[in-house]
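Sequence lines set the chain letters: A, B, ... in the order given, protein chains first and strands last, and positions in each chain run from 1. All heavy atoms count here, side chains included; hydrogens, waters and symmetry mates do not.
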Number of protein chains: 2
Amino acid sequence: MKNDVNLTVQALQRMPYYLQHLRKVDENGVQIISATAMANVLDLNEVLVRKDLSMICTSKGKPKSGFPVKELIDNIEDYLGYNNTMDAVLVGVGSLGKALLGNNEFSKFGLNIVAAFDIDEDIVGQVVCGKKVFPLEKLQNLCERMHIHIGILTVPAEFAQEAADRLVGSGVRAIWNFALIKLNAPDHVLVQNENLAASLAVLSQHLRNEMTEESKGVDLNEHTAL
Amino acid sequence: MKNDVNLTVQALQRMPYYLQHLRKVDENGVQIISATAMANVLDLNEVLVRKDLSMICTSKGKPKSGFPVKELIDNIEDYLGYNNTMDAVLVGVGSLGKALLGNNEFSKFGLNIVAAFDIDEDIVGQVVCGKKVFPLEKLQNLCERMHIHIGILTVPAEFAQEAADRLVGSGVRAIWNFALIKLNAPDHVLVQNENLAASLAVLSQHLRNEMTEESKGVDLNEHTAL
DNA sequence: ACCCTTTCGATATCCTAATATCGATATTAT
DNA sequence: ATAATATCGATATTAGGATATCGAAAGGGT
Ligand SMILES: NC(=O)c1ccc[n+]([C@@H]2O[C@H](COP(=O)([O-])OP(=O)(O)OC[C@H]3O[C@@H](n4cnc5c(N)ncnc54)[C@H](O)[C@@H]3O)[C@@H](O)[C@H]2O)c1
Ligand SMILES: NC(=O)c1ccc[n+]([C@@H]2O[C@H](COP(=O)([O-])OP(=O)(O)OC[C@H]3O[C@@H](n4cnc5c(N)ncnc54)[C@H](O)[C@@H]3O)[C@@H](O)[C@H]2O)c1
């Protein structure tokens, strides 16, 4: 256990990648892995990997060989809370909300969606992927009774702030926000944004660069196979 | 037009937030907005906002008043390519894939999904949200014929690499990857990861901190309303 | 037994993004 | 008109993450 240290957000976000690779090599029977090897596979700097691992790994790495794979897996899963699940509610059972409700992988990541909420009377009362959909009015009561601390927001942007306020009022400490809007929340409430527009912006700039590269004649033999 | 400059990824990802807020104030008839005001609303440093805006805005800001809202909107939309749409294909028509296919907001962000692909014979041939689902074998031909440069990956992680390879082989320049795995791709192909596990990691650490805070007695009056 | 190589941990350096500072300029109020 | 103030752009500084360096330790080969 090394759950008292706090990682930077960047390091934290690298952890699932380490874990994914460690699980893969573990399946292949690999017992020791070097930071160097991981760095090469994941396109990271090896010193960075070493530092990241040292933050959460309970034992030290051995020179010339590396770190024990199984132990790393345990440490990371432990650190990320994959063993003691976090209960969450979801607000907004539209097409994205349904996809998330139906995602059976979340349990592997320590997330458990216990209930969903919506204002649409056609949806309220239904059971979507084993999760019951309640009217929004029931939100506070259920969150308080079940000590829910995570809210997943999948409502249209124009309703996101009021839904967020409700979640905060229900005692939620973290909001996973899929709406394309900046939410206001008290300092102690973390808002983790999943902003597709931000990702698209990166894609768009890259493509524009690629296209102007091409028009400069750098890479014109791409389409000659046609 | 100021499309020759390249923004850092961070600045790029802030753009949609600026845009969202600018559109809101524009609807309320606001014609000039200061970087200071934007910074306050979006919880950013004002110098940072000023710098970001100066990168893409064609005119200068006026001391004591600010920047012209409409022009900023135009400039950002322009920069992000919201006016000339990028065509994309989607691979993996599962629950997430369907949600994305049904997302009618993408067109606002300059993204147009022209077709989908899957290996499941039950899905192939169907039309999902107006988009036809083709067998994977047709991928390369269609991408080359239609000059598709973006691939959206929503297959299970274990098939993601082979699907990515196919996309690369079909001439795609950017992959929007929703699978929880690190993909290998040539340098000129951008892989933009939408990794939910990474977000969950951030949530998890925050909650653990909140909980230990609480057990230290800092914030115990939260549940007294019960 | 000795050398060579790889990897480790620790420390130092670098680099980029974010923030602070400051003079200049436009607007508003007196 | 003049003073007060908010904002701007430019430049300097800070901060934090990523990377490079280096001696020490472990394993493998001869
Ligand atoms: N569909 C996608 O692929 C996708 C992807 C990323 C992000 N998003 C974002 O997620 C959000 C939802 O997208 P969607 O496509 O599922 O939309 P949707 O219209 O299919 O679903 C929205 C749901 O929210 C419910 N709702 C509306 N107001 C509510 C309120 N105040 N309280 C509770 N429920 C309310 C509606 O009844 C509806 O069921 C949007 O902000 C969208 O931008 C969607
Ligand atoms: N469901 C979610 O909420 C969610 C959210 C984020 C990320 N993801 C990720 O997105 C991916 C898809 O998730 P999902 O829930 O939609 O899964 P799913 O099982 O519902 O859908 C996967 C689809 O991919 C198809 N497929 C499998 N192999 C393929 C191949 N080689 N080529 C083309 N198609 C193939 C399958 O036939 C199926 O239709 C997973 O990697 C998952 O981790 C899912």
(request) Taking atom NZ of A:Lys2 as the centre, report whether more than 12 heavy atoms of other residues, nucleotides or ligands fall under 6.0 Å from it. (result) yes
(message) For B:Leu44 and B:Lys62, find the nucleotide of DNA chain C closest to each by heavy atoms; which residue's nucleotide sits nearer the 5' end?
(response)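 Nearest-nucleotide comparison on DNA chain C picks B:Leu44.
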(message) Tell me whether the NZ or CZ atom of B:Arg208 lies within the 45° cone about the ring axis of A:Tyr79 and under 6.0 Å from its centre.
(response)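 Yes.
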(request) Decide whether a cation-pi geometry holds between A:Arg166 and A:Phe117; the criteria are a distance under 6.0 Å from NZ or CZ to the six-membered ring centre and an angle within 45° of the ring axis. (result) no
(message) Could you check whether any side-chain N or O of A:Ser204 sits under 3.5 Å from a backbone N or O of A:Ala201, counting only pairs where one atom can act as donor and the other as acceptor?
(response) no
(message) For B:Ser59 and A:Lys51, find the nucleotide of DNA chain D closest to each by heavy atoms; which residue's nucleotide sits nearer the 5' end?
(response) B:Ser59
(request) Give me the first and last nucleotide of DNA chain C, going 5' to 3', that has any atom under 4.0 Å from a heavy atom of chain B. (result) C:dA17 to C:dT27
What is the separation between atom [atom1] on [X] and atom [atom2] on [N], rounded to the nearest whole Å?
X       : N      : atom1 : atom2 : result
A:Leu12 : D:dG16 : CG    : C1'   : 16 Å
A:Glu46 : D:dC22 : CD    : P     : 15 Å
A:Arg50 : D:dG17 : CZ    : C1'   : 17 Å
A:Lys60 : D:dG27 : NZ    : P     : 15 Å

(message) At 4.0 Å (heavy atoms only), tell me whether A:Ser54 reaches a base, stays on the sugar-phosphate, or touches nothing.
(response)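 Since no nucleic acid heavy atom lies under 4.0 Å of A:Ser54, the category is nothing.
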(request) For B:Ala35, answer base if it contacts any base atom (sugar-phosphate contacts may also be present), sugar-phosphate if it contacts only those atoms, and nothing otherwise; contact means non-hydrogen atoms under 4.0 Å. (result) sugar-phosphate
(request) Using a 4.5 Å cut-off on heavy atoms from C-beta on, say whether the side chain of A:Ile152 contacts that of A:Val89. (result)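 No; the side chains remain at least 4.5 Å from each other.
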(message) When you compare the side chain of B:Leu196 with that of A:Trp176, does any pair of heavy atoms fall below 4.5 Å?
(response)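 Side-chain contact under 4.5 Å: yes.
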(request) Could you tell me the separation between the CD1 atom of A:Ile175 and the CD1 atom of A:Ile150, rounded to the nearest 0.5 Å? (result) 11.0 Å
(message) Do the side chains of B:Arg50 and B:Glu46 get close enough for a salt bridge, i.e. N-O under 4.0 angstrom?
(response)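 Here B:Arg50 pairs with B:Glu46 in a salt bridge, since their nearest N and O are under 4.0 Å apart.
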(request) In plain terms, say whether B:Lys108 and B:Glu77 are close enough for a salt bridge, that is, a side-chain N and a carboxylate O under 4.0 Å apart. (result) no
(request) Take the C1' atoms of the five end pairs on each side of the helix from C:dA1-D:dT30 to C:dT30-D:dA1, get both axes, and report the angle to 10 degrees. (result)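 Overall, the helix from C:dA1-D:dT30 to C:dT30-D:dA1 bends by 10° from one end axis to the other.
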